[in-house]
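Proteins come first, then strands; the chains are lettered A, B, ... in the order of their sequence lines, and each starts at number 1.
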Protein chains: 2
Amino acid sequence: MEIKEKVYTDKQERVAKYSKALGHPVRVFIMDFLVKNADKCCYSGDMAEELPIARSTLSQHLKELKEAGLIQGEINPPYIKYCINKTGWSEAKELLVTFFNR
Amino acid sequence: MEIKEKVYTDKQERVAKYSKALGHPVRVFIMDFLVKNADKCCYSGDMAEELPIARSTLSQHLKELKEAGLIQGEINPPYIKYCINKTGWSEAKELLVTFFNR
DNA sequence: TATTTGTTTCGTAATTAGACGAAATACAAA
DNA sequence: TTTGTATTTCGTCTAATTACGAAACAAATA
């Protein structure tokens, strides 16, 4: 088990991860939408109505945001309520703001 | 000439553009490096020494950051001095900070 | 003029992302 | 039990990203 030398700091990798997740206008739109409606949580269909993409494509974008830890979905079939993942969201905020303020 | 309905706001598109540019650890490393050495500007070779990637690959990442408007290169053959593009950098900062603070 | 030097561009290959429609899923209601 | 509904997963396609080494570049120097 060799110890690999670390090139990028943990912070750099997390900044990259969150940035990548936000690197598409659909995903920025989703985050905006969820922040704006933070009180009520949202269904995939609510967003689908405002987006010019197939529902399956939206679903993929939601999955990516979920995997990055920025949102979470609460299953409530046949609906799925989406909302901001507060932990990930505030970590991303903290990291990015620190990244820019130096 | 039909007028296409706009789905994403200009801000959303710019947030996505800058985020995408920062969506790779090498590029986050480069920005960190340039901010840290903002006084002296930097050569590609300075960064290449600290990165485990081919110089041509680094060059590609530099190009992406340049195209996103986050850095600029001043040619000074055979060197190229890189530094932060203050305009783009502060726009990105403004956009991202606003994006997270709402 | 030929060489050296730091960097980029080119050509190529492998992987990942983004998009769609069709099919699957999981529960509610009829 | 069948039907309906909202959403996801699957299969597939195309395009973009990431990576490399070789070749090209542009100016300084021998």
Side-chain angles (χ1 to χ4, degrees), chain A residues 4 7-8 12-13 15-31 33-34 37 40-83 85, chain B residues 4 7-8 12-13 15-31 33-34 37 40-83 85:
Chain A
K4 182 128 170 271
V7 177
Y8 314 110
Q12 285 170 339
E13 280 178 354
V15 167
K17 182 191 78 170
Y18 288 122
S19 297
K20 190 177 182 185
L22 296 174
H24 192 289
V26 167
R27 297 196 290 269
V28 175
F29 176 98
I30 293 169
M31 296 311 298
F33 191 96
L34 292 182
N37 299 292
K40 45 181 181 289
C41 283
C42 312
Y43 302 119
S44 162
D46 298 339
M47 296 180 263
E49 277 167 22
E50 305 193 25
L51 290 169
I53 58 173
R55 273 150 203 269
S56 54
T57 305
L58 170 58
S59 196
Q60 265 182 205
H61 286 298
L62 288 166
K63 191 177 168 192
E64 274 181 66
L65 287 170
K66 210 188 311 172
E67 281 169 2
L70 286 173
I71 66 173
Q72 60 198 158
E74 184 192 315
I75 296 171
N76 183 18
Y79 298 93
I80 296 185
K81 270 200 214 169
Y82 279 103
C83 50
N85 179 331
Chain B
K4 183 129 170 269
V7 177
Y8 314 110
Q12 286 170 338
E13 279 178 355
V15 167
K17 181 191 78 170
Y18 288 122
S19 297
K20 189 176 183 185
L22 296 174
H24 191 290
V26 167
R27 296 195 292 268
V28 175
F29 177 97
I30 293 170
M31 295 312 297
F33 192 96
L34 292 182
N37 299 291
K40 45 181 182 289
C41 282
C42 311
Y43 302 121
S44 161
D46 299 338
M47 297 180 261
E49 277 167 22
E50 304 192 27
L51 290 169
I53 58 173
R55 273 149 203 268
S56 54
T57 306
L58 170 58
S59 196
Q60 264 182 206
H61 285 297
L62 288 167
K63 191 178 168 191
E64 272 182 65
L65 288 170
K66 210 188 310 172
E67 281 170 1
L70 286 172
I71 67 173
Q72 59 197 159
E74 184 192 316
I75 296 173
N76 182 16
Y79 297 93
I80 296 184
K81 270 199 213 171
Y82 278 104
C83 50
N85 177 331

Looking only at non-hydrogen atoms, find the nearest pair between Arg55(B) and Gly45(B) and report the distance. NH1-CA, 3.9 Å
When rounded to whole Å, the CD1 to P distance for the pair Ile80(A) and dT7(D) reads 7 Å
Can you work out whether Lys20(A) or Cys42(B) has the more 5'-proximal nearest nucleotide on DNA chain C? Cys42(B)
Distance criterion of 3.5 Å, no angle test: do you see the side chain of Ser56(B) paired donor-to-acceptor with the base of dG21(D)? yes
Round to a whole Å and report the spacing from CD of Glu74(B) to P of dT8(C). 14 Å
Nearest to the Gln60(B) side chain among dC20(D), dC20(C), dT9(C), which nucleotide is it? dC20(D)
Value in whole Å for how far the P atom of dT25(C) lies from NZ of Lys63(A): 15 Å
Glu67(A) CD to dG18(C) P, straight-line distance once rounded to whole Å: 13 Å
Closest approach to the side chain of Arg55(A), judged atom by atom: which nucleotide of dG11(D), dT7(D), dT17(D) is it? dT7(D)
Which of the following nucleotides, dT18(D), dT7(C), dT17(D), is nearest to the side chain of Glu64(B)? dT18(D)
Distance in angstrom units between Tyr43(A) OH and dA28(C) P, rounded: 13 Å
Look at the side chain of Ser44(B) against the base of dG6(C) and say whether a donor-acceptor pair falls under 3.5 Å; ignore hydrogens and angles. no
Just wondering, do Leu22(A) and Leu70(A) contact through their side chains at under 4.5 Å, heavy atoms? yes
Answer whether the closest heavy-atom distance between the side chains of Thr57(A) and His61(A) falls below 4.5 Å. yes
Whole Å only: how far is the CE atom of Met47(A) from the C1' atom of dT7(D)? 11 Å
Taken to the nearest whole Å, CD1/Ile71(A) to C1'/dT8(D) is 13 Å
Can a side chain N or O of His61(A) be found less than 4.0 Å away from OP1 or OP2 on dA19(C)? yes
What's the spacing between Phe29(B) CZ and Glu50(B) CD if we round to 0.5 Å? 4.5 Å
With the side chain of Thr57(B) defined as its heavy atoms from C-beta on, choose the nearest nucleotide among dT8(D), dC20(D), dA17(C). dC20(D)
Regarding the side chain of Ile53(A), the nearest nucleotide among dT7(C), dG18(C), dC20(C) is dC20(C)
Nearest listed nucleotide, side chain of His24(A), among dT8(C), dA19(C), dG21(D): dA19(C)
Side-chain heavy-atom pair Gln72(B), Tyr82(B) within 4.5 angstrom cut-off: no
Rounding to a whole Å, what distance do you find between Leu62(B):CG and dT7(C):P? 10 Å
